Amino acid sequence: PFVVHALNKLPYSKLDSKSVGIREGVVFLTYNSLIASSEKGRSRLHQLVQWCSNFDGLIIFDECHKAKNLVPEAGSQPTKTGEAVLDIQARLPEARVIYCSATGASEPRNMGYMIRLGLWGPGTSFAEFNDFLATMDKGGVGALELVAMDMKARGMYVCRTLSYKGAEFEIVEVPLDSKMTDMYEKSAAFWAELRVELLSAATFSGMEKSASSQLWRLYWSSHQRFFQHICMSAKVPAVIKLASQAFMEDKCVVIGLQSTGEARTEEAVSKYGIELDDFVSGPRELLLKFVEENYPLPAMPEPVAVDGLEEIQRKRPSATSETSLARRARKVPKWNAESEDESEWQSETDTEPDTESDDEFQICTICNSGEDRKKLLQCSCCHHYFHSSCLVPPVVEESGKDWSCDSCKEKTTEYLRAKEVYDKELQQRYDGALERKVKILNLIKSLDLPNNPLDDIIDQLGGPDKVSEITGRRGMLVRSAGGKGVVYHTRNTKDVTMEMVNMHEKQLFMDGKKLVAIISEAGSAGVSLQADRRALNQKRRVHITLELPWSAERAIQQFGRTHRSNQASAPEYRLLFTNLGGERRFASIVAKRLESLGALTQGDRRAGPSLSAYNYDSSYGKKALVMLYKGLMEQEPLPVVPPGCSSEKPETIDDFTLKGRAALVSVGIIRDSILGNGKDSARILGRIVDSDMHDVGRFLNRLLGLPPDIQNRLFELFTSIFDLYIRNARLEGNLDSGIVDMKASTIEMQNAPK
DNA sequence: ACTAGGACGGTCATACTGCG
DNA sequence: CGCAGTATGACCGTCCTAGT
């Protein structure tokens with residue numbers, strides 16, 4: 001039996017010291033720990049190296065794809081994790097190393113940290129990793145295959161693919177129901193309105209250029225997250241349906257998703273308290289937060305202090321210096337005196353006797369004598385001196401505080417009056433803008449938006465007693481006992497600490513006490529949910545992905561949770577997509593990777609259509625996009641007839657391009673506003689910026705924010721152009737279709753192997 | 001076209017604080 | 001003193017815009 005020590009529970013002192021006392025065994029640590037250090041600068045890495053010194057034991061990098069970004073794409077920095085992995089290998093040269101990952105490297109670039117393979121470096125064909133990389137990139141899939149074969153032949157590479165035999169993949173397309181469609185349309189319309197509103201508000205309030213670009217950056221990212229969430233919510237009914245169907249077939253359900261919406265929930269809880277009327281709607285909170293924090297308001301007028309007079313006098317040193325300047329200017333010939341708008345100043349200074357030395361000699365400005373100096377008063381504003389008796393009416397009361405002469409007082413009141421008018425106007429503008437902002441906020445509150453999908457699913461599947469949640473969330477919303485309203489609960493209880501919640505929940509699932517598990521990224525580390533022969537719950541798993549992860553590695557990772565060795569039955573995978581064009585972009589990205597990993601296509605080709613039909617982010621996709629844009633802008637004819645149109649009736653096509661253009665304007669692809677700097681804006685107006693022209697990702701992202709009807713038509717048009725290109729490429733025989741199986745009727749050996 | 005820079009969400013490790 | 005909960009900050013991945 002080995003003792004396993006969790007490094008993050010241990011202090012930073014020497015591991016073999018008396019206080020810690022670990023001489024042998026296994027030390028377990030996360031990649032996050034590997035780069036962690038205490039405040040005093042002692043690092044875990046150093047601690048390990050110290051413990052291991054001259055160590056010829058074994059280092060296992062499990063899930064080693066975490067370090068894949070050691071050699072990143074040009075322009076970005078290597079990640080700390082990658083560097084740390086490299087560092088520990090260098091510092092423990094005697095240690096043996098295993099790289100262990102379910103996903104390996106989906107790209108040769110991701111192999112940067114595998115220095116022990118001996119594929120590059122001195123004594124090999126490649127002096128440096130970059131040389132290796134360049135060759136691999138040039139060689140394509142074939143070269144990779146050779147490397148893999150070579151490694152296998154040399155006995156350094158063991159590949160155990162868990163056969164996906166028995167596993168079933170199904171892509172479930174979830175059409176939006178009528179309520180959802182309605183909601184979607186309203187939301188899309190609202191975002192478009194909000195955009196117009198923001199545009200005018202930004203100009204109205206005279207925003208800085210940088211501030212305004214900041215605003216738009218936030219706008220578009222919020223926009224995207226918003227519709228992403230809506231898409232997830234749209235799939236909830238389908239999840240419920242699939243789940244209950246699975247129960248009827250005596251199966252159990254695992255639901256995978258990415259974002260838990262915790263940030264939004266926590267915010268709402270801290271805002272409204274822990275008892276709420278209904279579940280929190282992520283998209284609504286998102287919108288509220290965006291508008292609340294970013295709606296451009298014109299400048300608030302400076303609050304006028306109650307003792308405004310003194311305040312302003314003190315604040316006006318500039319005014320006094322101006323006077324002295326004006327007075328000095330009067331000494332020189334008068335050529336520019338009256339050109340100024342100094343009517344008041346002038347009349348005043350002119351009536352004054354010209355006493356230029358009054359600063360040094362304290363003399364009364366009125367009687368022009370310096371006698372009785374103790375009774376002289378100095379104006380706090382113009383700094384002239386006055387006899388209290390010379391003034392009309394004479395000043396009797398010596399306040400000792402700031403005092404100002406009548407003319408200054410007059411000016412001050414004048415100034416105050418002007419300021420008041422100005423302030424009033426400012427205030428009006430401000431109030432107007434504020435009113436609009438509040439109106440928008442209320443509008444958002446009245447919008448019918450879906451709830452947080454995670455809470456929603458749990459609720460609809462019977463509450464937390466039936467569903468085991470394996471996520472990183474700290475708390476959750478639960479429908480209160482009376483059936484009215486919801487309450488925020490922390491997920492841990494008296495018996496179960498925070499750290500153990502996920503394990504506990506998992507156990508409940510594996511014991512069959514709960515038949516639904518919801519897993520997110522956090523829960524995915526080391527949690528196995530397969531139909532293990534040792535577990536009580538051996539029902540077949542139905543794995544539903546509500547939301548595919550960004551990268552294929554993670555997707556595979558998640559698939560792997562329910563598909564492991566020693567299982568009684570292989571799971572059924574249900575990949576959920578809505579029928580919205582914009583959402584297929586996620587499929588597009590993941591499909592690309594899944595394809596190159598061969599997980600889906602090789603695993604089970606009979607399991608329905610390949611996902612590669614959805615990979616749009618390729619050179620063909622770019623070409624198709626350019627074609628689409630040009631067609632809509634009527635620069636070039638469209639190569640295909642748009643959906644719902646007919647070539648016999650050109651007016652239908654015109655109508656379509658018109659609508660398409662309007663849609664593109666509303667999501668900011670066709671520029672209709674002055675966002676850039678002044679001189680370019682006119683050129684950009686009503687056009688598509690060059691950089692957007694080839695950006696398929698952006699096209700698909702923005703598409704998501706359109707009403708379903710036009711969204712789908714545009715997307716269909718895009719795919720039909722795309723298909724056309726693919727077909728042409730295939731006809732010309734230069735379509736790179738990746739790895740293909742070549743079937744031969746006979747195979748003969750030509751020569752003996754060398 | 002490509003790079004730089006900023007913002008956000010999510011996860012995790014660590015240090016701090018209050019309580020029995 | 002140990003324990004649980006909270007605050008903070010680093011890291012990572014993703015997105016967006018502006019500038020060259």
Side-chain angles (χ1 to χ4, degrees), chain A residues 6-12 29-44 65-70 72-84 209-229 257-267 270 282 285-286 289-290 293-294 454 471-475 490-502 520-525 547 549-551 553-554 585-586 589 622 667-669 671 675-677 680-681 684 689-695 697-698 700-702 704:
Chain A
L7 191 61
N8 62 344
K9 296 282 170 250
L10 299 172
Y12 269 97
L29 74 159
T30 63
Y31 284 96
N32 234 325
S33 294
L34 195 62
I35 53 177
S37 63
S38 74
E39 276 186 341
K40 292 173 196 90
R42 291 194 280 188
S43 72
R44 290 290 187 197
H65 52 271
K66 281 258 182 189
K68 70 175 183 184
N69 280 334
L70 174 66
E73 306 265 332
S76 47
Q77 293 295 309
T79 59
K80 298 262 177 182
T81 310
E83 282 179 334
K209 197 180 135 213
S210 62
S212 126
S213 83
Q214 181 60 32
L215 172 74
W216 291 111
R217 203 149 51 194
L218 275 172
Y219 175 86
W220 288 120
S221 49
S222 305
H223 181 263
Q224 188 180 342
R225 273 206 298 279
F226 178 89
F227 285 104
Q228 216 172 302
H229 276 250
L257 45 77
Q258 283 309 112
S259 50
T260 57
E262 174 165 40
R264 296 278 82 75
T265 307
E266 288 207 327
E267 212 165 78
S270 64
E285 296 302 317
L286 187 87
K289 190 182 169 206
F290 172 71
E293 288 176 4
N294 294 292
L454 184 48
T471 66
R473 290 210 295 181
R474 284 191 293 278
T490 49
R491 288 181 59 219
N492 54 339
T493 57
K494 273 258 156 38
D495 313 326
V496 189
T497 65
M498 205 67 212
E499 280 170 340
M500 296 307 292
V501 167
N502 282 343
S520 79
E521 179 78 9
S524 69
E547 187 187 12
W550 295 103
S551 66
E553 285 93 337
R554 291 196 202 181
R585 70 145 304 186
F586 302 111
I589 291 174
K622 277 183 190 165
V667 291
I669 285 181
R671 303 300 170 102
L675 287 179
N677 41 17
D680 278 358
S681 56
I684 286 173
V689 181
D690 286 353
S691 58
D692 284 353
M693 208 71 182
H694 306 276
D695 201 331
R698 172 163 298 173
L700 295 172
N701 275 348
R702 296 287 165 90
L704 206 49

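Predicted model only: the values in this text are computed from it and were never measured. Sequence lines set the chain letters: A, B, ... in the order given, protein chains first and strands last, and positions in each chain run from 1.
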Atom-pair distance ([atom1] on [X]; [atom2] on [N]), nearest Å:
X        : N      : atom1 : atom2 : answer
A:Phe226 : B:dA7  : CZ    : P     : 24 Å
A:Phe227 : C:dT14 : CZ    : P     : 22 Å
A:Phe290 : C:dC16 : CZ    : P     : 13 Å

C:dT17 OP1/OP2 closer than 4.0 Å to side-chain N/O of A:Trp220: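 Checking C:dT17 against A:Trp220, a side-chain N or O does come within under 4.0 Å of OP1 or OP2.
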